[in-house]
Each structure stands twice: as structure tokens, then as C-alpha cells.
Amino acid sequence: MVSGDAPQAGGSVRVDVWIWSVRLTKTRSQAAAACQAGHVKVAGERAKPAQPLRVGDEVRLRHAGRDRIVVVSKIVRKRVGPPVAAECFVDNSPPPPPREVAIQVPVRDRGAGRPTKRDRREMERLQGRAPERAPGPEK
């Protein structure tokens, strides 16, 4: 029994189709866009969306601010459910950072308008960046 949605041990499939099929991206167009932007690498080389993918290949994907490193164990051509998708690759990704460590974006009140120079300098100080000094006459 070999159908389009059943996991297969041999053959090849497009990289963007496989990434979408095993639920690493939400849509196939996101997978293709990630390939075109250079966020997908197969065996250490940048992958185009139509590059063939085989069992045993290592896929590195940068998506949603996180690096995913997976090794292909089964080939699928159509999107499968989460339990089946988990069997199609071996996840060697580093664990995601804890939420406390994740970069926090400063939030401004709605309708507060554009930040003033003082607000901007304060935000830069909180983020640990040194304020830029404009070139001008020295005193």
C-alpha cells in the first residue's frame, strides 16, 4: 500500500512540500518563502523550494524566531496529522529559551503618539544600547 499521504521509506519529495507536510510550517507558501529567503538548509547548503529531499537528510529551518534541526526519517507528500508527522523526523533542535529570557518588546500606550527624544533615549538605555551621538562641533 503506497498512497500519496502514507509515510514512505524511499523516494524523494520537494523540500517545501515535506516541511509543510510534517507541520514545521503552517502553510506551504510559508515553507516556500522560507526556502527562497535562505532560512532552509539541507545538509548545510541553502535549499531551493523544489530541491529533492531524501531519507537521512538533515534539514535546518529558521522559522518563528527559532532554529529547528530535524533529520528526515520518512517521506510524506501530503499533510498528515501531528502523531504521524512526529514519526517522519527526528528532532535535534535545541530547546526553546524560557519565556522570561525571550526578548521583551517595549510597549507604548495606544494613542501615545510618536516617542519623544527623551523616550527614545530611555528605551535605548533599557535595551542596553548606547545612544548615538550626532556629529557636530565639540565643546
Side-chain angles (χ1 to χ4, degrees):
M1 174 190 99
V2 176
S3 67
D5 56 352
Q8 300 172 4
S12 65
V13 68
R14 289 174 56 118
V15 173
D16 62 340
V17 171
W18 187 84
I19 289 172
W20 166 72
S21 297
V22 296
R23 298 174 173 265
L24 293 177
T25 60
K26 203 173 226 184
T27 65
R28 182 172 170 196
S29 62
Q30 282 181 345
C35 291
Q36 290 171 346
H39 298 298
V40 178
K41 294 183 180 182
V42 176
E45 298 290 323
R46 274 181 68 164
K48 292 185 178 178
Q51 180 174 336
L53 191 66
R54 294 177 178 77
V55 174
D57 285 345
E58 180 185 73
V59 179
R60 291 177 175 261
L61 169 70
R62 176 117 179 113
H63 180 68
R66 184 171 173 218
D67 287 325
R68 298 291 304 264
I69 304 168
V70 296
V71 178
V72 179
S73 59
K74 293 181 184 172
I75 297 293
V76 287
R77 287 182 174 79
K78 292 191 178 179
R79 194 161 170 96
V80 293
V84 178
E87 297 172 0
C88 295
F89 61 87
V90 178
D91 196 355
N92 296 330
S93 305
R99 286 191 169 184
E100 301 84 41
V101 178
I103 297 173
Q104 296 179 353
V105 179
V107 178
R108 291 185 50 83
D109 294 331
R110 186 174 176 95
R114 192 170 159 178
T116 63
K117 187 182 284 190
R118 181 179 179 185
D119 294 338
R120 181 183 53 81
R121 287 180 177 159
E122 187 175 323
M123 285 189 285
E124 287 176 348
R125 185 182 55 78
L126 289 172
Q127 292 174 352
R129 292 187 289 178
E132 296 180 16
R133 302 208 124 227
E138 294 187 27
K139 295 182 180 179

Residues forming a side chain to side chain contact (heavy atoms under 4.5 Å, CB included) with Gln36, sequence neighbours excluded: Pro49
Salt bridge present between Arg120 and Glu124 (N-O < 4.0 angstrom): yes
Give the table of side-chain donor-acceptor pairs shorter than 3.5 Å for residues 24-35, with sequence neighbours excluded, one pair per line with atom names and distance.
residue : atom : partner : partner atom : Å
Thr25   : OG1  : Thr27   : O            : 3.1
Thr27   : OG1  : Ser29   : OG           : 3.2
Thr27   : OG1  : Gln30   : N            : 3.1
Gln30   : OE1  : Lys26   : N            : 3.2

Would you please name every residue forming a salt bridge (Lys or Arg N to Asp or Glu O under 4.0 Å) with Arg125, sequence neighbours left out? none
Table please: side-chain donor-acceptor pairs of residues 14-22 below 3.5 Å, with sequence neighbours left out.
residue : atom : partner : partner atom : Å
Arg14   : NE   : Asp16   : OD1          : 3.0
Arg14   : NH2  : Asp16   : OD2          : 3.2
Trp18   : NE1  : Lys74   : O            : 3.1
Ser21   : OG   : Val17   : O            : 2.7

Spacing of Lys41 atom NZ and Leu61 atom CG [to the nearest 0.5 Å]: 12.0 Å
Taking only residues at least two apart or on different chains, which pairs with a member in residues 45-54 satisfy salt bridge (Lys or Arg N to Asp or Glu O under 4.0 Å)? none
Listed by chain and number, what are the side chain to side chain donor-acceptor pair (under 3.5 Å) partners of Asp67, not counting sequence neighbours? Arg62
Linked, directly or transitively: Ile69 and Val40 (ILVMFWY side chains, under 4.5 Å): no
Expected output: side-chain Ser12 to main-chain Leu53 donor-acceptor under 3.5 Å: no
If you look at every heavy atom in Arg66 and Pro94, which pair is closest and at what distance? NH2-O, 3.7 Å
Through direct or indirect side-chain contacts below 4.5 angstrom among Ile, Leu, Val, Met, Phe, Trp and Tyr, which residues connect to Val71? Val90
Listed partners of Glu58 passing salt bridge (Lys or Arg N to Asp or Glu O under 4.0 Å), at least two apart: Arg60
Go through the structure and list residues passing side chain to side chain contact (heavy atoms under 4.5 Å, CB included) with Ala112, not counting sequence neighbours. Arg108, Asp109
Under 4.5 Å between any side-chain heavy atoms of Val13 and Val76, yes or no? no
